[in-house]
Amino acid sequence: MAQIYDGSDFEGLFNYTDDTFILPGSDTTPCGDPQTVDKYFLATLYCLVFFLSLVGNSLVVFVICYNRLKQSSTDVYLLNLAIADLLFAITLPFWAVYRANEWVFGTVMCKVVSGLQEVNFYSGILLLACISIDRYLAIVRATGVAMQMRDWVKYICLGVWLLSALLSLPVLIFREDFEAPRIGWVCYENLGSFGTDRWRIILRISRHIFGFFLPLLVMLFCYGSTFTALCQTKSNQKFKPMKVIFAVVVAFLFCWLPYNIVIVIDSLMRSRIIEDTCKKRTQVETAMSVTEMFSYMHNCINPILYAFIGQKFKNSFLRILVNHGMVSKAFLKKYGRSVSTMSTQGNVSSTL
(Lines give C-alpha, C1' and ligand atoms only; values in the text may rest on other atoms or scores of the structure.)
Protein backbone atom coordinates (compact mmCIF):
# COMPACT_ATOMS: atom_id res chain seq x y z
CA MET A 1 0.00 0.00 0.00
CA ALA A 2 0.84 3.64 -0.15
CA GLN A 3 3.21 4.94 2.48
CA ILE A 4 2.51 7.87 4.75
CA TYR A 5 5.90 9.40 4.07
CA ASP A 6 7.68 7.93 1.08
CA GLY A 7 11.37 7.21 1.19
CA SER A 8 12.53 10.17 -0.91
CA ASP A 9 10.15 12.83 0.33
CA PHE A 10 11.54 13.73 3.72
CA GLU A 11 15.13 14.79 3.27
CA GLY A 12 14.79 16.97 0.19
CA LEU A 13 11.70 18.78 1.41
CA PHE A 14 12.56 20.28 4.78
CA ASN A 15 15.33 22.68 5.65
CA TYR A 16 16.41 21.94 9.22
CA THR A 17 17.29 25.61 9.80
CA ASP A 18 13.71 26.80 9.43
CA ASP A 19 10.23 25.52 8.54
CA THR A 20 10.36 26.24 4.83
CA PHE A 21 9.71 23.78 2.05
CA ILE A 22 12.64 23.72 -0.36
CA LEU A 23 13.45 22.13 -3.68
CA PRO A 24 15.41 18.86 -3.43
CA GLY A 25 19.13 19.55 -3.56
CA SER A 26 18.67 23.24 -2.80
CA ASP A 27 19.42 25.05 0.43
CA THR A 28 18.10 28.43 -0.54
CA THR A 29 14.90 28.18 -2.59
CA PRO A 30 11.79 28.39 -0.37
CA CYS A 31 8.62 26.88 -1.80
CA GLY A 32 6.13 27.37 1.03
CA ASP A 33 4.30 24.84 3.17
CA PRO A 34 4.16 21.30 1.66
CA GLN A 35 1.05 20.38 3.68
CA THR A 36 -1.68 20.30 1.04
CA VAL A 37 -4.46 18.39 2.83
CA ASP A 38 -5.69 19.06 6.36
CA LYS A 39 -4.04 16.53 8.68
CA TYR A 40 -7.13 16.07 10.84
CA PHE A 41 -9.24 15.36 7.77
CA LEU A 42 -6.73 12.67 6.74
CA ALA A 43 -6.71 11.19 10.24
CA THR A 44 -10.52 11.03 10.23
CA LEU A 45 -10.51 9.44 6.77
CA TYR A 46 -8.03 6.78 7.90
CA CYS A 47 -10.25 5.91 10.87
CA LEU A 48 -13.31 5.63 8.59
CA VAL A 49 -11.45 3.39 6.12
CA PHE A 50 -10.21 1.31 9.07
CA PHE A 51 -13.75 0.68 10.30
CA LEU A 52 -15.23 -0.09 6.85
CA SER A 53 -12.31 -2.32 5.88
CA LEU A 54 -12.34 -4.19 9.18
CA VAL A 55 -16.07 -4.94 8.98
CA GLY A 56 -16.24 -5.61 5.24
CA ASN A 57 -13.17 -7.81 4.86
CA SER A 58 -13.96 -9.73 8.06
CA LEU A 59 -17.34 -10.53 6.54
CA VAL A 60 -15.68 -11.70 3.30
CA VAL A 61 -13.30 -13.96 5.24
CA PHE A 62 -16.21 -15.38 7.25
CA VAL A 63 -18.39 -16.11 4.20
CA ILE A 64 -15.59 -17.76 2.19
CA CYS A 65 -14.39 -19.84 5.16
CA TYR A 66 -17.97 -20.89 5.94
CA ASN A 67 -18.22 -22.30 2.41
CA ARG A 68 -14.76 -23.89 2.58
CA LEU A 69 -16.00 -27.24 1.22
CA LYS A 70 -17.04 -25.50 -2.00
CA GLN A 71 -14.05 -23.22 -2.36
CA SER A 72 -12.66 -22.70 -5.86
CA SER A 73 -9.17 -21.43 -6.63
CA THR A 74 -10.63 -17.94 -7.11
CA ASP A 75 -12.20 -18.09 -3.65
CA VAL A 76 -8.83 -18.96 -2.10
CA TYR A 77 -7.15 -16.03 -3.85
CA LEU A 78 -9.94 -13.66 -2.79
CA LEU A 79 -9.72 -14.97 0.77
CA ASN A 80 -6.01 -14.14 0.87
CA LEU A 81 -6.75 -10.75 -0.69
CA ALA A 82 -9.23 -9.98 2.10
CA ILE A 83 -6.67 -11.06 4.72
CA ALA A 84 -4.10 -8.74 3.14
CA ASP A 85 -6.58 -5.86 3.33
CA LEU A 86 -7.26 -6.68 6.98
CA LEU A 87 -3.55 -6.55 7.74
CA PHE A 88 -3.38 -3.10 6.23
CA ALA A 89 -6.54 -1.98 8.03
CA ILE A 90 -5.01 -2.62 11.45
CA THR A 91 -2.17 -0.21 10.60
CA LEU A 92 -4.50 2.71 9.85
CA PRO A 93 -5.08 3.85 13.47
CA PHE A 94 -1.30 4.19 13.85
CA TRP A 95 -1.06 6.25 10.65
CA ALA A 96 -4.03 8.38 11.77
CA VAL A 97 -2.20 9.32 14.99
CA TYR A 98 0.96 9.95 12.98
CA ARG A 99 -0.82 12.27 10.57
CA ALA A 100 -2.51 14.22 13.34
CA ASN A 101 0.55 14.54 15.55
CA GLU A 102 3.86 12.67 15.25
CA TRP A 103 5.17 9.11 15.56
CA VAL A 104 4.87 8.11 19.22
CA PHE A 105 5.05 4.30 19.00
CA GLY A 106 8.81 3.66 18.83
CA THR A 107 11.10 1.96 16.33
CA VAL A 108 9.74 -1.59 16.77
CA MET A 109 6.18 -0.56 15.94
CA CYS A 110 7.50 1.66 13.15
CA LYS A 111 9.04 -1.41 11.51
CA VAL A 112 6.04 -3.67 12.21
CA VAL A 113 3.37 -1.23 10.99
CA SER A 114 5.40 -0.20 7.93
CA GLY A 115 6.18 -3.85 7.18
CA LEU A 116 2.51 -4.87 7.29
CA GLN A 117 1.66 -1.98 5.02
CA GLU A 118 4.37 -2.95 2.53
CA VAL A 119 3.41 -6.63 2.55
CA ASN A 120 -0.16 -5.63 1.77
CA PHE A 121 1.04 -3.47 -1.13
CA TYR A 122 2.85 -6.37 -2.79
CA SER A 123 0.50 -9.22 -1.87
CA GLY A 124 -2.61 -7.34 -3.05
CA ILE A 125 -1.53 -6.85 -6.66
CA LEU A 126 0.29 -10.20 -6.85
CA LEU A 127 -2.90 -11.99 -5.78
CA LEU A 128 -4.88 -10.06 -8.40
CA ALA A 129 -2.30 -11.12 -10.98
CA CYS A 130 -2.73 -14.74 -9.85
CA ILE A 131 -6.50 -14.43 -10.25
CA SER A 132 -6.04 -13.08 -13.78
CA ILE A 133 -3.81 -16.04 -14.70
CA ASP A 134 -6.31 -18.43 -13.10
CA ARG A 135 -9.17 -17.00 -15.18
CA TYR A 136 -7.02 -17.00 -18.32
CA LEU A 137 -6.22 -20.71 -17.94
CA ALA A 138 -9.83 -21.65 -17.11
CA ILE A 139 -11.51 -19.65 -19.89
CA VAL A 140 -9.03 -19.08 -22.69
CA ARG A 141 -6.99 -22.27 -22.49
CA ALA A 142 -9.89 -24.39 -21.15
CA THR A 143 -7.59 -27.32 -20.45
CA GLY A 144 -6.81 -29.51 -17.49
CA VAL A 145 -4.15 -27.00 -16.44
CA ALA A 146 -6.72 -24.94 -14.53
CA MET A 147 -7.88 -27.99 -12.58
CA GLN A 148 -4.28 -28.93 -11.78
CA MET A 149 -3.57 -25.37 -10.63
CA ARG A 150 -6.44 -25.63 -8.14
CA ASP A 151 -4.44 -28.28 -6.27
CA TRP A 152 -1.50 -25.86 -6.13
CA VAL A 153 -3.39 -22.70 -5.22
CA LYS A 154 -2.55 -22.84 -1.50
CA TYR A 155 1.13 -23.20 -2.29
CA ILE A 156 0.91 -20.34 -4.78
CA CYS A 157 -0.66 -18.12 -2.12
CA LEU A 158 2.08 -19.12 0.33
CA GLY A 159 4.63 -18.19 -2.32
CA VAL A 160 2.94 -14.80 -2.78
CA TRP A 161 3.18 -14.08 0.94
CA LEU A 162 6.82 -15.16 1.11
CA LEU A 163 7.72 -13.07 -1.96
CA SER A 164 5.84 -10.07 -0.53
CA ALA A 165 7.73 -10.41 2.75
CA LEU A 166 11.02 -10.64 0.86
CA LEU A 167 10.27 -7.53 -1.20
CA SER A 168 9.33 -5.73 2.03
CA LEU A 169 12.70 -6.37 3.67
CA PRO A 170 14.15 -2.91 2.81
CA VAL A 171 11.35 -1.29 4.81
CA LEU A 172 11.85 -3.67 7.75
CA ILE A 173 15.59 -3.05 7.73
CA PHE A 174 15.78 0.71 7.20
CA ARG A 175 12.60 2.05 8.85
CA GLU A 176 13.06 3.53 12.33
CA ASP A 177 11.79 6.40 14.40
CA PHE A 178 13.93 9.46 15.08
CA GLU A 179 13.39 13.08 16.01
CA ALA A 180 13.65 15.52 13.12
CA PRO A 181 14.40 19.16 14.03
CA ARG A 182 11.28 21.36 14.03
CA ILE A 183 9.16 18.45 12.81
CA GLY A 184 9.06 16.00 15.70
CA TRP A 185 9.32 12.24 15.82
CA VAL A 186 8.96 10.51 12.44
CA CYS A 187 8.79 6.92 11.19
CA TYR A 188 11.07 6.97 8.21
CA GLU A 189 13.81 5.22 6.25
CA ASN A 190 17.29 5.72 7.61
CA LEU A 191 19.55 4.54 4.80
CA GLY A 192 22.77 5.51 6.57
CA SER A 193 25.64 5.61 4.08
CA PHE A 194 23.13 4.77 1.31
CA GLY A 195 21.05 7.84 2.13
CA THR A 196 21.40 9.60 -1.19
CA ASP A 197 18.65 10.74 -3.52
CA ARG A 198 19.94 8.26 -6.11
CA TRP A 199 19.49 5.23 -3.82
CA ARG A 200 16.11 6.45 -2.61
CA ILE A 201 14.90 6.84 -6.19
CA ILE A 202 16.27 3.41 -7.16
CA LEU A 203 14.41 1.79 -4.26
CA ARG A 204 11.23 3.67 -5.10
CA ILE A 205 11.30 2.87 -8.83
CA SER A 206 12.10 -0.80 -8.16
CA ARG A 207 9.16 -0.96 -5.77
CA HIS A 208 6.71 0.33 -8.34
CA ILE A 209 8.10 -1.69 -11.24
CA PHE A 210 8.03 -5.06 -9.46
CA GLY A 211 5.11 -4.25 -7.17
CA PHE A 212 2.78 -2.58 -9.66
CA PHE A 213 3.62 -2.18 -13.33
CA LEU A 214 4.85 -5.73 -14.12
CA PRO A 215 1.86 -7.42 -12.39
CA LEU A 216 -0.36 -4.88 -14.16
CA LEU A 217 0.99 -5.98 -17.54
CA VAL A 218 0.21 -9.60 -16.63
CA MET A 219 -3.34 -8.62 -15.67
CA LEU A 220 -3.91 -6.61 -18.85
CA PHE A 221 -2.72 -9.49 -21.03
CA CYS A 222 -4.75 -12.15 -19.21
CA TYR A 223 -7.96 -10.17 -18.99
CA GLY A 224 -7.60 -8.85 -22.53
CA SER A 225 -7.34 -12.44 -23.78
CA THR A 226 -10.20 -13.53 -21.50
CA PHE A 227 -12.45 -10.71 -22.70
CA THR A 228 -11.74 -11.62 -26.33
CA ALA A 229 -12.52 -15.27 -25.69
CA LEU A 230 -15.81 -14.42 -23.94
CA CYS A 231 -16.85 -12.18 -26.82
CA GLN A 232 -16.57 -15.16 -29.16
CA THR A 233 -18.99 -17.32 -27.16
CA LYS A 234 -22.72 -17.42 -27.93
CA SER A 235 -24.08 -17.64 -24.39
CA ASN A 236 -26.26 -14.80 -23.12
CA GLN A 237 -24.55 -15.13 -19.73
CA LYS A 238 -20.98 -15.16 -21.05
CA PHE A 239 -19.77 -12.25 -18.89
CA LYS A 240 -21.70 -13.13 -15.73
CA PRO A 241 -19.03 -15.30 -14.06
CA MET A 242 -16.42 -12.58 -14.63
CA LYS A 243 -18.24 -9.41 -13.64
CA VAL A 244 -17.12 -9.39 -9.98
CA ILE A 245 -13.50 -10.05 -10.93
CA PHE A 246 -13.57 -7.34 -13.59
CA ALA A 247 -15.08 -4.93 -11.05
CA VAL A 248 -12.33 -5.75 -8.53
CA VAL A 249 -9.61 -5.10 -11.12
CA VAL A 250 -11.20 -1.86 -12.33
CA ALA A 251 -11.52 -0.64 -8.73
CA PHE A 252 -7.86 -1.49 -8.12
CA LEU A 253 -6.76 0.45 -11.19
CA PHE A 254 -8.99 3.40 -10.33
CA CYS A 255 -7.55 3.63 -6.82
CA TRP A 256 -3.91 2.76 -7.45
CA LEU A 257 -2.95 3.79 -10.98
CA PRO A 258 -3.20 7.58 -10.41
CA TYR A 259 -1.01 7.36 -7.30
CA ASN A 260 1.64 5.31 -9.05
CA ILE A 261 1.68 7.70 -12.01
CA VAL A 262 2.20 10.65 -9.65
CA ILE A 263 5.00 8.76 -7.89
CA VAL A 264 6.75 8.19 -11.22
CA ILE A 265 6.43 11.88 -12.12
CA ASP A 266 7.79 12.86 -8.71
CA SER A 267 10.75 10.49 -9.13
CA LEU A 268 11.50 11.90 -12.59
CA MET A 269 11.51 15.40 -11.09
CA ARG A 270 13.87 14.35 -8.32
CA SER A 271 16.14 12.73 -10.92
CA ARG A 272 16.17 16.04 -12.85
CA ILE A 273 14.74 14.29 -15.92
CA ILE A 274 11.78 16.65 -15.54
CA GLU A 275 12.44 20.20 -14.42
CA ASP A 276 11.66 20.63 -10.72
CA THR A 277 10.17 24.04 -9.92
CA CYS A 278 8.21 25.34 -6.96
CA LYS A 279 4.99 25.38 -8.97
CA LYS A 280 5.43 21.82 -10.23
CA ARG A 281 6.52 20.64 -6.79
CA THR A 282 3.37 22.08 -5.19
CA GLN A 283 1.19 20.49 -7.90
CA VAL A 284 2.85 17.11 -7.45
CA GLU A 285 2.54 17.27 -3.64
CA THR A 286 -1.16 18.10 -3.97
CA ALA A 287 -1.71 15.30 -6.49
CA MET A 288 0.17 12.87 -4.25
CA SER A 289 -1.99 13.69 -1.22
CA VAL A 290 -5.23 13.30 -3.22
CA THR A 291 -4.26 10.08 -5.02
CA GLU A 292 -2.89 8.61 -1.80
CA MET A 293 -6.34 9.01 -0.23
CA PHE A 294 -7.87 7.02 -3.12
CA SER A 295 -5.26 4.27 -2.72
CA TYR A 296 -6.10 3.93 0.99
CA MET A 297 -9.82 3.79 0.25
CA HIS A 298 -9.28 0.75 -1.96
CA ASN A 299 -9.04 -1.47 1.11
CA CYS A 300 -12.73 -1.15 1.89
CA ILE A 301 -14.05 -1.20 -1.69
CA ASN A 302 -13.83 -4.90 -2.55
CA PRO A 303 -16.39 -6.05 0.09
CA ILE A 304 -18.79 -3.39 -1.21
CA LEU A 305 -18.36 -4.74 -4.75
CA TYR A 306 -19.03 -8.29 -3.57
CA ALA A 307 -22.17 -7.19 -1.75
CA PHE A 308 -23.69 -5.16 -4.61
CA ILE A 309 -22.41 -7.03 -7.68
CA GLY A 310 -21.72 -10.57 -6.51
CA GLN A 311 -25.08 -12.33 -6.30
CA LYS A 312 -23.38 -15.51 -5.08
CA PHE A 313 -21.87 -13.63 -2.17
CA LYS A 314 -25.24 -12.20 -1.20
CA ASN A 315 -26.90 -15.62 -1.46
CA SER A 316 -24.14 -17.26 0.59
CA PHE A 317 -24.40 -14.62 3.29
CA LEU A 318 -28.20 -14.91 3.43
CA ARG A 319 -27.99 -18.70 3.67
CA ILE A 320 -25.62 -18.33 6.63
CA LEU A 321 -28.13 -16.04 8.32
CA VAL A 322 -30.93 -18.55 7.63
CA ASN A 323 -28.88 -21.45 9.01
CA HIS A 324 -28.32 -19.51 12.23
CA GLY A 325 -31.97 -18.49 12.51
CA MET A 326 -31.28 -14.79 12.04
CA VAL A 327 -33.59 -14.42 9.02
CA SER A 328 -36.39 -16.55 7.63
CA LYS A 329 -36.33 -18.74 4.54
CA ALA A 330 -39.01 -16.48 3.10
CA PHE A 331 -36.57 -13.58 3.37
CA LEU A 332 -33.97 -15.64 1.45
CA LYS A 333 -36.47 -16.46 -1.27
CA LYS A 334 -37.44 -12.81 -1.54
CA TYR A 335 -33.98 -11.24 -1.68
CA GLY A 336 -31.86 -14.13 -2.94
CA ARG A 337 -31.83 -15.06 -6.59
CA SER A 338 -30.68 -18.18 -8.35
CA VAL A 339 -27.34 -17.91 -10.06
CA SER A 340 -26.26 -19.89 -13.08
CA THR A 341 -22.83 -20.07 -14.58
CA MET A 342 -21.37 -21.25 -17.83
CA SER A 343 -20.05 -24.78 -17.77
CA THR A 344 -17.09 -23.64 -19.83
CA GLN A 345 -15.91 -21.34 -17.07
CA GLY A 346 -14.25 -24.09 -15.10
CA ASN A 347 -13.60 -23.37 -11.46
CA VAL A 348 -15.48 -20.11 -11.10
CA SER A 349 -15.98 -18.73 -7.64
CA SER A 350 -18.60 -20.60 -5.66
CA THR A 351 -18.91 -17.70 -3.25
CA LEU A 352 -18.53 -14.49 -5.26
Side-chain angles (χ1 to χ4, degrees), residues 1-22 24 30-55 85-121 168 170-192 195 200 203-204 207 255 259 262-263 266 281-300:
M1 299 302 292
Q3 295 177 338
I4 294 297
Y5 288 112
D6 208 324
S8 59
D9 293 340
F10 184 77
E11 282 188 0
L13 300 184
F14 290 95
N15 185 340
Y16 289 168
T17 60
D18 53 38
D19 294 324
T20 58
F21 172 46
I22 64 174
C31 286
D33 187 354
Q35 183 68 35
T36 55
V37 180
D38 182 77
K39 60 182 181 180
Y40 296 110
F41 170 75
L42 289 176
T44 302
L45 178 65
Y46 292 164
C47 292
L48 177 61
V49 173
F50 162 74
F51 175 76
L52 294 176
S53 181
L54 188 65
V55 173
D85 287 339
L86 280 173
L87 289 177
F88 173 75
I90 64 177
T91 71
L92 284 173
F94 296 93
W95 295 133
V97 174
Y98 188 21
R99 276 294 197 186
N101 187 21
E102 60 181 355
W103 188 260
V104 296
F105 304 106
T107 293
V108 174
M109 288 305 298
C110 174
K111 290 180 179 292
V112 171
V113 172
S114 299
L116 286 176
Q117 186 183 48
E118 196 75 357
V119 168
N120 168 263
F121 170 79
S168 302
V171 168
L172 291 173
I173 294 173
F174 295 115
R175 274 288 175 109
E176 62 181 47
D177 76 323
F178 57 89
E179 189 172 13
R182 298 181 180 271
I183 298 173
W185 287 91
V186 297
C187 174
Y188 193 74
E189 280 92 354
N190 183 4
L191 298 182
R200 291 183 186 279
L203 288 175
R204 175 193 270 190
R207 178 178 186 265
C255 292
Y259 177 77
V262 173
I263 288 292
D266 181 72
R281 172 56 48 199
T282 301
Q283 292 173 342
V284 167
E285 289 294 324
T286 302
M288 195 176 299
S289 295
V290 174
T291 55
E292 184 184 65
M293 286 190 293
F294 280 103
S295 68
Y296 275 66
M297 292 171 62
H298 174 259
N299 283 78
C300 60

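Quantities reported herein were computed from a predicted structural model and do not represent experimental measurements.
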Counting distance only, does the side-chain N/O of K111 pair as donor-acceptor with the main-chain N or O of I173 below 3.5 Å? yes
Distance, nearest 0.5 Å, that separates OG1 of T44 from CZ of R99: 12.5 Å
Without swapping roles, check the side chain of T91 against the backbone of Q117 for a donor-acceptor pair under 3.5 Å. no
How far apart are the closest heavy atoms of V119 and S168, and which atoms are they? N-OG, 3.3 Å
Test L54 against L86 for side chain to side chain contact (heavy atoms under 4.5 Å, CB included), laying out the working first. CA-CA 6 Å; L54 188 65; L86 280 173; 4.0 Å; yes
In this structure, CH2 of W103 is separated from CD of E179 (nearest 0.5 Å) by 16.0 Å
Going from SG on C47 to CG on L42, what distance comes out if it is rounded to the nearest 0.5 angstrom? 11.0 Å
Donor-acceptor check, side chain of E176 to backbone of T107, threshold 3.5 angstrom: yes or no? no
Could you grab the distance from atom CE of M293 to atom CG of L45, nearest 0.5 Å is fine? 6.5 Å
M109 side, atom CE; S114 side, atom OG - distance, nearest 0.5 Å: 9.5 Å
Could you report the tightest heavy-atom contact between C110 and D177, atom names first, then the distance? SG-N, 4.2 Å
In F50, W95, F88, Y259, the residue satisfying ring-ring contact (aromatic ring centres under 6.0 Å, His included) with Y296 is F88
Heavy-atom closest pair (I90 atom, L87 atom, distance to 0.1 Å) is CG1-O, 3.0 Å
Check the pair N120 / N299 against side chain to side chain contact (heavy atoms under 4.5 Å, CB included), numbers first and verdict last. CA-CA 10 Å; N120 168 263; N299 283 78; 3.9 Å; yes
State whether the number of non-hydrogen atoms from other residues, nucleotides or ligands found under 6.0 Å of M297 atom CE is greater than 12. no
Looking at A96 and A43, what are the two nearest heavy atoms and their distance? O-CB, 3.5 Å
Once rounded to the nearest 0.5 Å, what's the spacing between atom CZ of R281 and atom OG1 of T286? 11.0 Å
Crowded around F105 CZ? As in, over 12 foreign heavy atoms under 6.0 Å? yes
